[in-house]
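Some notes on the structure that comes next.
Quantities reported herein were computed from a predicted structural model and do not represent experimental measurements.
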Amino acid sequence: MTLDLFAGIPVTDYAAALEWYERLLGAPPAFFPNDTEAVWEVAEHRYVYIVRRPEHAGHALHTIFAQDHDALVAGITERGLEPAVQETYANGVRKTTYRDPDGNEIGFGGAPV
């Protein structure tokens, strides 16, 4: 059975969020379902989307585990975004967290080095 995952992120200012997420994810959206949503495919059958829903903005907490954590974070830095938090857990797993203009948290995890 094939399943698709859509992880939603409510935002206040759709235009500002669209620009921020393009910088974070390094590409324009894969598609636009309507004029208040933008969708990125982050892996096959796995999507992250923003949606203009000001009443819910700022409460998303998503983590994406990346095979090459260092390259991913370096690319995001080159696009002008700085992490809000960088952590290394006792088992060596790393997590770099970014906060969008509404305070939604998008983290990228990486295996121990």
Side-chain angles (χ1 to χ4, degrees):
M1 168 189 330
T2 299
L3 299 174
D4 289 355
L5 172 67
F6 286 83
I9 304 167
V11 299
T12 301
D13 183 334
Y14 176 77
L18 179 62
E19 188 271 330
W20 192 88
Y21 280 93
E22 285 180 347
R23 289 173 51 204
L24 180 72
L25 299 172
F31 63 95
F32 298 89
N34 56 55
D35 61 351
T36 63
E37 293 181 72
V39 182
W40 288 262
E41 186 173 20
V42 295
E44 187 175 13
H45 301 288
R46 295 171 193 104
Y47 302 88
V48 171
Y49 70 96
I50 60 169
V51 58
R52 188 183 173 288
R53 292 187 69 189
E55 68 278 11
H56 294 286
H59 300 287
L61 300 168
H62 297 302
T63 300
I64 300 168
F65 207 83
Q67 185 172 7
D68 191 342
H69 179 264
D70 295 332
L72 181 99
V73 170
I76 294 169
T77 300
E78 288 173 8
R79 294 188 295 275
L81 297 180
E82 292 297 324
V85 179
Q86 290 186 294
E87 306 169 89
T88 302
Y89 300 112
N91 63 359
V93 169
R94 296 163 296 148
K95 183 178 178 187
T96 302
T97 303
Y98 298 86
R99 289 194 186 98
D100 75 8
D102 287 306
N104 293 304
E105 293 186 7
I106 310 300
F108 294 95
V113 286

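Trp20 is not listed as a side-chain neighbour of Leu25, based on a closest heavy-atom distance of 4.5 Å or more. The shortest distance between side-chain heavy atoms of Pro29 and Leu18 falls below 4.5 Å. Residues Ile50 and Tyr14 meet the side-chain proximity criterion, which asks for heavy atoms closer than 4.5 Å. Counting heavy atoms from C-beta outward, Arg46 and Asp4 have side chains that stay 4.5 Å or more apart. Within the 4.5 Å cutoff, the side chain of Leu72 has no heavy atoms near those of the Ile64 side chain. Residues His69 and Val113 form no side-chain contact, since every pair of their non-hydrogen atoms from C-beta on lies 4.5 Å or further apart. Contact annotation: the side chain of Arg23 never approaches that of Ile76 to less than 4.5 Å [non-hydrogen atoms, C-beta and beyond]. Put simply, the side chain of Val93 reaches to within 4.5 Å of the side chain of Pro112, judged on heavy atoms.
The only option from Glu55, His56, Arg52 that meets the side chain to side chain contact (heavy atoms under 4.5 Å, CB included) definition with Pro10 turns out to be His56. Only one option out of Val73, Asn104, Val85 pairs with Tyr98 in a side chain to side chain contact (heavy atoms under 4.5 Å, CB included); it is Val73.
A continuous path of hydrophobic side-chain contacts links Phe32 to Ile9 [ILVMFWY only; heavy atoms under 4.5 Å].
Between the side chains of Thr2 and His45, not a single donor N or O lies within less than 3.5 Å of an accepting N or O. Side-chain atoms of Asp100 and Tyr21 form a donor-acceptor pair, as typed in the model, at a separation below 3.5 Å.
Taking the side chain to side chain donor-acceptor pair (under 3.5 Å) definition, one finds that Thr36 meets it with Asn34, sequence neighbours left out.
Separation of atoms CG (Leu24) and CD (Glu19) is listed at 11.0 Å; rounding is to 0.5 Å.
Distance alone, capped at 3.5 Å, is enough to place a donor-acceptor pair between the Arg94 side chain and the Ala111 backbone.
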Side chain to side chain contact (heavy atoms under 4.5 Å, CB included) between Lys95 and Thr63: does it pass, once the steps are laid out? CA-CA 8 Å; Lys95 183 178 178 187; Thr63 300; 3.4 Å; yes
I would like to know whether Trp40 and Glu22 meet side chain to side chain contact (heavy atoms under 4.5 Å, CB included); could you show each step before the answer? CA-CA 9 Å; Trp40 288 262; Glu22 285 180 347; 3.9 Å; yes
